[in-house]
Amino acid sequence: MLLRKKIYQISLATIFVIGSLFAAKIALAQIPSDPNANNLIVNFTPDPLFEADNFLPGDIKIGEAEVINNTGGSKRIATEAINYPKNIAGLI
């Protein structure tokens, strides 16, 4: 009787471990759904848009930003300058 109970416990533990591994594999295989993924796509030409080693007063740089709206409605967008000196007014 004791041997039969031990075999039953080992069988249940094995089934539980295999079932847990199988369930974890299914959970990892699913792609998370982000409702905002790919709603707005921005393509820069060139990329990065404005990059210059030595940009002097009077120099001109031209670039384009294409915004693709994959939603059904209109969206507001904004631009922001980054990677510039904080005291840019004093440099001009």
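- Between Gly63 and Pro46 the shortest heavy-atom distance is CA-CD, 4.1 Å.
- Considering all non-hydrogen atoms of both residues, Thr71 and Gly73 come closest at OG1-O, 3.0 Å.
- Here the options are Val42, Ile41, Asn43, the test is side chain to side chain contact (heavy atoms under 4.5 Å, CB included), and the partner is Val67; only Val42 passes.
- For Glu64, the CD atom sits in a loose shell: 12 or fewer heavy atoms of surrounding residues, nucleotides or ligands are nearer than 6.0 Å.
- In this structure the side chain of Leu40 reaches within 4.5 angstrom of the side chain of Ile77, judged on heavy atoms.
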